[in-house]
There are 2 protein chains.
Amino acid sequence: MSKKEAILSIAAKLFAEKGFKDTSMAEISKLTGAAEGTIFYHFKTKDDLLIAILEMVKTGIVQEFESYVGERSSSSGLEMIEDAIAFYLYMATKREEWFLLLNRYYIYELARVNETTRKHLEAIYTCFVDIFDKGITLGLEDQSIINSASRKTALIIFSMVHGLVWFKHHDLYDASALYHELITCCRHMLTRSTVV
Amino acid sequence: MSKKEAILSIAAKLFAEKGFKDTSMAEISKLTGAAEGTIFYHFKTKDDLLIAILEMVKTGIVQEFESYVGERSSSSGLEMIEDAIAFYLYMATKREEWFLLLNRYYIYELARVNETTRKHLEAIYTCFVDIFDKGITLGLEDQSIINSASRKTALIIFSMVHGLVWFKHHDLYDASALYHELITCCRHMLTRSTVV
DNA sequence: AAAAAAATCGACTGAGTACTCAGTATAAAT
DNA sequence: ATTTATACTGAGTACTCAGTCGATTTTTTT
């Protein structure tokens, strides 16, 4: 692994776990074995390093989720939604650093003044919502889901799963014990009949 | 207003809007007209100042929400939930500083090492969830809500509204346009019949 | 009015910060 | 073998920050 890759990988971990402000360049330097100057040789500023990491995360997320959609063939729109929620929650554990980073305040502050950051975040969130949206659209066609404004409902579902992951990251409640309940609640929300 | 009150009020605003790390004691000093030494006379450390603010927020939230529950007399459990969601969203706008502060990562990091912080946060979150829980319990009795594990469902509802407020604070989507949809989705989730 | 206590001040400290730069090592191209 | 380009170094710079301290003012108590 080149120094540049090491810097990206270690910094991604630190930014996610400790936060951007609480991670110093000295620390990244120490853990990678690269001199501080080397970090600034590859990334002009600390912000630039974060942006590069966010691009990595974006690429990773889009890849994982698109390949998931590609491989998966659900029997109904409703099932697709349920699977997508389960996959989201699974990924939030498997790639916790990604989702921890996305829960950090700093990147949204940066997004306000930096176009590139904004684009990356948009790509990530669009990727998530599109999957739910697609499931709803499909479900409306095959009648596994009852009438609802697809985009809006997709956003509501997304805020549910996002909220739950947020709780988990902040050690509020035993959030992972709610995964099953979340899916049940969504099914109730989207279907006419009462499935128990 | 005493210097101490001024410090609490200005710092609360700054911590919420700019974040804890990005607000310096010098800034608080300048905006309150109190010398830096004065701040440290009233609050031993910067963390202590944050904890005092969090206590204020806790008191405020618990007061507002308990008096809301006391005054309100909903016709059914379902209606109570719907009203509570609307009230939560209303308060998240009216007292945005409170909710912005609660969305900051730092307080949860502090909560990990500081008992008092943890207690305040618990009190706040218990207050929220209890209201939803009470609504569900009531709804199960008066049959406006179908079978569900009340505490778990309350947490799911909470993660929905919380997630939506989080989106709003980070300028993702036009979150406030989803308020109505959120309530509709919850109604679908909790009831047997399809109300459109 | 005198003494005691509480509140306020702001210059100062020292540890930390992101970032620079002049120079060195390594690899690639000629 | 020599030049050129790229990767890397780490001491140094300018600056910010939370927190201290001794002195001064204001308030309360006697």
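In the text below, chain A, chain B and the rest are named by the order of the sequence lines, each starting its count at 1. Basis for what follows: all heavy atoms, side chains included, without hydrogens, waters or symmetry-related copies.
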Tell me which nucleotide among D:dC8, D:dT9, D:dG19 gets nearest to the side chain of A:His42.
D:dC8

Under 4.0 Å between any heavy atoms, over every strand shown, what does B:Thr32 touch: base, sugar-phosphate, or nothing? Just pick one.
nothing

Given atom CG of A:Leu49 and atom P of C:dC19, what is their separation to the nearest angstrom?
10 Å

Return the value, rounded to whole Å, for the distance between atom CD1 of A:Ile39 and atom P of C:dT20.
13 Å

Within the 4.0 Å heavy-atom criterion, would you say A:Ser29 contacts the bases, only the backbone, or no part of the nucleic acid?
nothing

How long is the line joining CZ of A:Phe40 and C1' of D:dA14, in whole Å?
14 Å

Answer yes or no: does a side-chain N or O of B:Tyr41 lie under 4.0 Å from OP1 or OP2 of C:dT8?
no

Tell me whether the OP1 or OP2 atom of C:dC9 has a side-chain N or O from B:Lys3 closer than 4.0 Å.
yes

If the threshold is 4.0 Å, N to carboxylate O, is there a salt bridge linking A:Arg151 and A:Asp130?
yes

Does NZ in A:Lys21 sit with more than 12 non-hydrogen atoms of other residues, nucleotides or ligands closer than 6.0 Å?
yes

Pair B:Asp47-B:Thr45, side-chain hydrogen bond (donor to acceptor under 3.5 Å, both in side chains): steps then yes or no:
CA-CA 5 Å; B:Asp47 275 357; B:Thr45 64; 5.3 Å; no

I need the NZ-P distance between B:Lys30 and D:dC17, as an integer number of Å.
12 Å

Find the distance A:Leu8:CG to D:dA7:P and express it as a whole number of Å.
14 Å

Between B:Phe87 and B:Tyr68, what is the ring plane arrangement, given parallel below 30°, perpendicular above 60°, and tilted in between?
parallel

What nucleotide among D:dG10, D:dA18, C:dA18 has an atom nearest to a side-chain atom of B:Glu36?
D:dA18

Of the listed C:dA6, C:dA18, D:dC8, the closest approach to the A:Ser24 side chain comes from C:dA18

Would you say A:Lys46 and A:Thr23 are linked by a side-chain donor-acceptor pair, where the criterion is simply a distance under 3.5 Å?
no

For A:Lys4 and D:dT6, what is the distance between atoms NZ and P respectively, to the nearest whole Å?
13 Å

Closer than 4.0 Å, any side-chain N/O of A:Thr38 to the OP1 or OP2 of D:dT9?
yes

Would you kindly give the CD1-to-P distance between A:Ile28 and C:dG16, to the nearest whole Å?
17 Å

Taking only the side-chain heavy atoms of A:Ala34 (C-beta and beyond), determine which of C:dA18, D:dG19, D:dT9 contains the nearest atom.
D:dT9

Nucleotide C:dC19, atom P - distance to CG of A:Leu50 in whole Å:
12 Å

